[in-house]
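Here is the structure we will look at, set down as structure tokens.
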Amino acid sequence: MWNSFRTDDHLGISAQITRYQAGNGDEIHAYVVRPTGEARAPGVVLVHHMPGWDEFTQELAERLGRHGYFVICPDLYCRFGHGTPDDVAAKVRSEGGVHDDSVVADCGAAAQWLRRDALFSGKVGIIGPCSGGRHALLTASRVRGFDAVVDLWGGGVIMPHDQLTPARPVAPIDYTADLDAPLLGLFGNDDQSPTPAQVDEHQAELEKHGKTFEFHRYDGAGHGFFYYHTPMYRQQQAMDGWEKVFAFFQEHLKS
Amino acid sequence: MCTMIAMTAAVTGMGKGARGWFPITQATVGYDHATHSGTEHALLLDFTNYDIGVEARVALELDLESGRALLGQLQAAIEAAEVSGVAMARDDDERYAPSWSSAFGLSVSQMAP
């Protein structure tokens, strides 16, 4: 839980940008956060959102690290070039977005990278906000071996045929039968994507396939209610949501 | 929400970015997450040249009302230019044909008289 560490704990993290062999054998950047100390730690693949591999994402990785998770956050836009996060995101946007297959391959390879490290304790989760939530769900459905997945208000899980694009050719909901990990979903009831009706539809599909999941829906919140750097931030809903994330990862990654 | 709304057009012109003027080859118009406007979404206008690099970009974030106002005045300016006859004359005259790549390649001292 947040702010529940003991003041005599030897709490610390190290964080750095590294390179790892991702999808297609390409070397791409990743932001890696390691809890310091001797104890091994469960792994988490953090999937950045559409605005890019940005400062918010790095701070999110550090928060997870301070709670004892060994985090790797791939730069999914690495192949598009380098500049400020919004410059790179603009280029990705102009090209129709990053391809789902590329993201799934990079995130699957990131989990493998965690498993090869001596710090890794044996379980790995995946989490992402916004498009990262959609991509986390997609990855956990198409890549075996994840122990938990957290979808933070990911839109585009349900996609009518006319919304499919070359970069996003299959709606993640169509992979529900293949989902291989318990799922936590957090959603704002004022969000336009996903709408509450779409969350209902996703929930019905998960129930139909007998999947393990828990959804939490917040009144007074829309999209991106964890984003403390934007007007979308909702303090009470965000803090409750963080408690849900930590409890979920505690149950599925640390137990 | 990620709208994924983005349209591109090939354009010819010059833009002034963080490192000075550079030739513009592409315009992208989108409506998606804003990064600096303090709103959830904005009209996103990017004038870029990715042959130079990702940072060769002039960016605007506008609300929809501003976008409509801009669109109207852009159309009005184009029509006025065409009516004036000046734009047509210049477009047909090779002496005024821009050479963006060579212009970009010149250093400040070379461009000075």
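The figures that follow rest on heavy atoms only: side chains count, while hydrogens, waters and symmetry mates do not. Proteins get letters first, then strands, A, B, ... in listed order; numbering begins at 1 in each.
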Seminar exercise, completed: Most heavy-atom pairs under 4.5 Å with chain A, out of G53(B), A56(B), G38(B), belong to G38(B)
Please look at [X] and chain B and tell me whether the side chain, the backbone, both or neither of the residue comes under 4.5 angstrom of a heavy atom of that chain.
X: R134(A); answer: neither
X: Y227(A); answer: neither
X: H229(A); answer: neither
X: T230(A); answer: neither

Problem set entry | Of R93(A), Q163(A), M50(A), the residue whose pairing with M4(B) passes side chain to side chain contact (heavy atoms under 4.5 Å, CB included) | M50(A)
Non-hydrogen atoms of [X] and [Y] that approach each other most closely:
X: C130(A); Y: H33(B); result: SG-NE2, 3.3 Å
X: E55(B); Y: T84(A); result: OE2-N, 3.7 Å
X: A90(A); Y: D46(B); result: CB-OD2, 3.6 Å

As an exercise, state the distance from [atom1] of [X] to [atom2] of [Y], rounded to the nearest 0.5 Å.
X: S94(A); Y: L44(B); atom1: OG; atom2: CG; value: 11.5 Å
X: R57(B); Y: D87(A); atom1: CZ; atom2: CG; value: 4.5 Å
X: C2(B); Y: H49(A); atom1: SG; atom2: NE2; value: 9.0 Å
X: Q26(B); Y: E95(A); atom1: CD; atom2: CD; value: 7.5 Å

Exercise. By a 4.5 Å heavy-atom criterion (distance strictly below it), what part of T39(B) contacts chain A: side chain, backbone, both, or neither?
Worked result: backbone
Exercise. What part of T48(B) gets closer than 4.5 Å to chain A, counting heavy atoms only: side chain, backbone, both or neither?
Worked result: neither
Neighbour count above 12 (heavy atom, 6.0 Å) for [X] [atom1]:
X: Q73(B); atom1: CD; value: no
X: Q235(A); atom1: CD; value: yes
X: Q236(A); atom1: CD; value: no

